[in-house]
Amino acid sequence: MTRSEWKAAARARLGGGIFKDQWLMGVVFCLVVSAIVGAAGSILPGVGALVVTGPMLYAQKYAFLAQAREGRGIDLNDLFRGFRDDFGGMLLISLLSGLFIFLWSLLLFIPGIVKAYAYSMVYYVKADHPEYGWRECLDESQRLMTGHKWEKFVLDLSFIGWGIVGSLCLGVGTLWVMTYMAATEAQYYEYLTSGRTSPEF
């Protein structure tokens, strides 16, 4: 598959148009996730964001992955799934992946980015394997992203134009872009787990 195919599949799952019900539900989901993480960080700087970021990101990945696979709508009941399913596990994944990325960033900026991409699938892995602990989730994410970091980086860059347009709409349009990116990333994870490979990076 190509970037255009991943994005086309994401748009199809979202209903095809930015004002379709599924796209709007995705916007609401991403808005609530961002608001909760932002509020927690404001109320308890550092600690608050740490406590809620993992569970909320997991909930977002879970919801969009379910949509990518099953074609079902984004379900707002999934918003707090991260707290219900394995709160301690989500907390450890968020804390330790963030710590490892930070430590790699101390070497140079680029190694930190590379490590961030290595761990970018960690919440999808947890959604697929709820029995996994934090170490297994990080290791499996690294395995999946071996040979695909640059590919994922270029995929992320392809949304820059959308981001610019979204920011021109008083910033509100970025919520639609976030939803589009989330749906596309779920399609990309499906591609990674299909057994395809490419040269190592």
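One-based numbering along the sequence shown.
Annotation: side chain to side chain contact (heavy atoms under 4.5 Å, CB included) contacts of Glu136 (sequence neighbours excluded): Tyr132. Applying the side chain to side chain donor-acceptor pair (under 3.5 Å) rule to Arg3 yields no partners; only residues at least two apart in sequence or on another chain are considered. Checked against ring-ring contact (aromatic ring centres under 6.0 Å, His included), Phe87 has the following partners two or more places apart in sequence or in another chain: Phe83. Legend: residues meeting side chain to side chain donor-acceptor pair (under 3.5 Å) with Ser34, ordered by chain and number and at least two apart, are absent. When the ring-ring contact (aromatic ring centres under 6.0 Å, His included) test is applied to Trp104, no partner is found at least two apart in sequence or on another chain. Annotation: ring-ring contact (aromatic ring centres under 6.0 Å, His included) contacts of Phe159 (sequence neighbours excluded): Tyr180. Not counting sequence neighbours, Gln67 has no partner by the side chain to side chain donor-acceptor pair (under 3.5 Å) test. Here Leu92 pairs with Leu96, Trp134 under the side chain to side chain contact (heavy atoms under 4.5 Å, CB included) rule; sequence neighbours left out.
Transitive grouping of hydrophobic side chains (ILVMFWY, heavy atoms separated by less than 4.5 Å) brings Ile160 and Trp150 into a common cluster. The hydrophobic clustering, which links ILVMFWY residues whose side-chain heavy atoms are closer than 4.5 Å, places Leu99 and Val122 together. The cluster map of Ile, Leu, Val, Met, Phe, Trp and Tyr, joined by side-chain heavy atoms under 4.5 Å apart, puts Met178 and Val37 in the same cluster. Hydrophobic cluster membership differs between Leu107 and Ile113, with clusters built from Ile, Leu, Val, Met, Phe, Trp and Tyr side chains linked at under 4.5 angstrom.
The closest side-chain heavy-atom distance from Glu5 to Gln187 is not below 4.5 Å. Side chains of Trp6 and Glu190 form no contact here, defined as non-hydrogen atoms less than 4.5 Å apart. Using a 4.5 Å heavy-atom cutoff, the side chains of Leu106 and Phe102 are in contact. Side-chain contact between Ile101 and Ser105: present, with at least one pair of heavy atoms (C-beta onward) separated by less than 4.5 Å. In this structure, Met181 and Thr184 have side chains that are not in contact, with every pair of non-hydrogen atoms separated by 4.5 Å or more.
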Please set out all donor-acceptor pairs under 3.5 angstrom arising from side-chain atoms of residues 17-30, sequence neighbours excluded.
from: Gln22; atom 1: OE1; to: Ile74; atom 2: N; distance (Å): 3.0
from: Trp23; atom 1: NE1; to: Trp176; atom 2: O; distance (Å): 3.3

Enumerate, atom names and distances included, each donor-acceptor pair closer than 3.5 Å involving a side-chain atom of residues 38-57, sequence neighbours excluded.
from: Ser42; atom 1: OG; to: Gly38; atom 2: O; distance (Å): 3.0
from: Thr53; atom 1: OG1; to: Ala49; atom 2: O; distance (Å): 2.5

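Arg13 contributes a side-chain N or O that, together with a main-chain N or O of Ala68, makes up a donor-acceptor pair within less than 3.5 Å.
Taking both residues in full, the closest heavy atoms of Ser141 and Val125 are given as N-CG2, 4.1 Å, listed atom of the first, atom of the second, then distance. Ala127 and Tyr62 get closest at one heavy-atom pair: CB-CD1, 3.9 Å.
Annotation: the span from Glu185 atom CD to Leu65 atom CG amounts to 10.0 Å, rounded to 0.5 Å. Distance check: Tyr191 OH to Leu155 CG gives 10.5 Å after rounding to the nearest 0.5 Å.
Applying the salt bridge (Lys or Arg N to Asp or Glu O under 4.0 Å) test to residues at least two apart or on different chains, the pairs with a partner in residues 79-91 are Asp78-Arg81, Arg81-Asp85, Asp86-Lys126. Applying the side-chain hydrogen bond (donor to acceptor under 3.5 Å, both in side chains) test to pairs two or more places apart or on separate chains, those with a residue in residues 114-123 are Lys115-Gln142, Tyr117-Asp156.
Inspection of the Glu151 and Tyr188 side chains reveals an N or O donor paired with an N or O acceptor under 3.5 Å.
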Would you check, one step at a time, whether the test side-chain contact (heavy atoms from CB on, under 4.5 Å) holds for Leu192 with Tyr124? CA-CA 11 Å; Leu192 290 178; Tyr124 294 108; over 6 Å; no
Passes side-chain contact (heavy atoms from CB on, under 4.5 Å), Leu138 versus Phe100? Steps please. CA-CA 10 Å; Leu138 266 61; Phe100 294 152; 3.7 Å; yes
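Using a 4.0 Å cut-off between charged side-chain N and carboxylate O, Asp139 and Arg143 make no salt bridge.
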